Number of protein chains: 2
Amino acid sequence: MDRTIIESTLFPDCPIRNILARISDKWSLLVIYTLDKTGKEKMRFKELQREIPDISQKMLTVTLRTLEEDGYLTRTVYPEVPPRVEYKLTPRAHSLIPHINGLIEWALENKDAIINDRKKTSCA
Amino acid sequence: MDRTIIESTLFPDCPIRNILARISDKWSLLVIYTLDKTGKEKMRFKELQREIPDISQKMLTVTLRTLEEDGYLTRTVYPEVPPRVEYKLTPRAHSLIPHINGLIEWALENKDAIINDRKKTSCA
DNA sequence: CAGGATCCAGGGGGATACTG
DNA sequence: CAGTATCCCCCTGGATCCTG
């Protein structure tokens, strides 16, 4: 990474900051992670909701729509009754997953120490 | 990563989700990144503010305090007039930085395609 | 089943003024 | 210089009800 790139990252309307902001919301990374970790190629709406017990229907919907807009997944509607909709990660999302897993593994290794540090500060 | 860890990640009060949530706010990653990329070992409050032009004093303060609580940086106050305070990344933060840079590089490689996808959807 | 529509609170975060 | 203290807006996201 050269100096130009580094400096542009700090610019207010930097596209990198913009992209990271969109996937740094409450649910996006978790939805991508869930679509990947199950091993299933495609997942339905209800399946996702079962896997992420505490997400609301609304937030699952808007998260899926945003991820679709940014090209992280495809949404396929089957004209059946009852309706069937399947979500599938794109190659773009798959190329992001190693980085997500890297973060998760890091958090896993450091969670005990971090939580312990928080206690020390708040009880000081 | 075994199955137990994967499943625990999806649990609502999962510590991993908790840790990622704290650094996924608007400024934390950018502050850590800035403290690292300058090459300076320590940085003062004003220096950070100059490097991140659009952060407010309040948000820089609370971000730094949160990062200190979680052990990402140390805050050293020198009893001088005028006051001098220096911020320095901890080894924990340094171990996180490769993952942040991984994300940034990924965003850099994909930003054009993502932004292009967004336009297509919104103008459809 | 897969959502759309609406209402609403809570909190993140900005602007401004003040201080040791 | 390095913050603190307020005020306040807005937007995220939850709860609820409704539909093809």
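If you're wondering where the values come from, they're calculated on a predicted model, not measured in any experiment. Chain naming here is simple, since letters A, B, ... match the order of the sequence lines and numbering starts at 1 in each.
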Rounded distance (Å) that lies between atom C1' of C/dC1 and atom CG of A/L60: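 It works out to 13 Å between those atoms.
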Rounded off to whole Å, could you give me the CG-to-P distance for the A/L64 and C/dG3 pair?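 For the pair A/L64 CG and C/dG3 P, the rounded distance is 7 Å.
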Can you tell me how far apart [atom1] ([X]) and [atom2] ([Y]) are? Round to the nearest 0.5 Å.
X: B/R50; Y: B/T38; atom1: CZ; atom2: OG1; value: 12.0 Å
X: A/I23; Y: A/H99; atom1: CD1; atom2: NE2; value: 10.0 Å
X: B/K26; Y: A/S24; atom1: NZ; atom2: OG; value: 12.5 Å
X: B/W27; Y: B/I52; atom1: CH2; atom2: CD1; value: 7.0 Å

What string of B, S and - do you get for nucleotides 4-20 of chain C, 5' to 3', when a contact is any protein heavy atom under 4.0 Å? S-BB-----BBBB---B
Passes side-chain contact (heavy atoms from CB on, under 4.5 Å), A/E41 versus A/E86? Steps please. CA-CA 10 Å; A/E41 207 200 350; A/E86 288 183 339; over 6 Å; no
Positive for side-chain contact (heavy atoms from CB on, under 4.5 Å) with B/L89, one of B/I97, B/T74, B/L96: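 Of the listed options, the one satisfying the test is B/I97.
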Classify the nucleic acid contact of A/Y78 as base, sugar-phosphate or nothing, counting any heavy atom under 4.0 Å across all strands shown.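 No contact.
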Please determine if A/R75 forms a cation-pi arrangement with A/Y87, meaning its NZ or CZ atom is less than 6.0 Å from the six-membered ring centre and no more than 45° off the ring axis.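 Verdict for A/Y87: no cation-pi partner in A/R75.
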For chain A, the stretch of DNA chain D it reaches, first to last nucleotide, under 4.0 Å of its heavy atoms: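 Reading along DNA chain D, I get D/dG13 to D/dG20.
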Mind checking whether B/L60 and B/V77 sit in one hydrophobic cluster, side chains of I, L, V, M, F, W, Y counted as touching below 4.5 Å?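 Yes, B/L60 and B/V77 fall within the same hydrophobic cluster.
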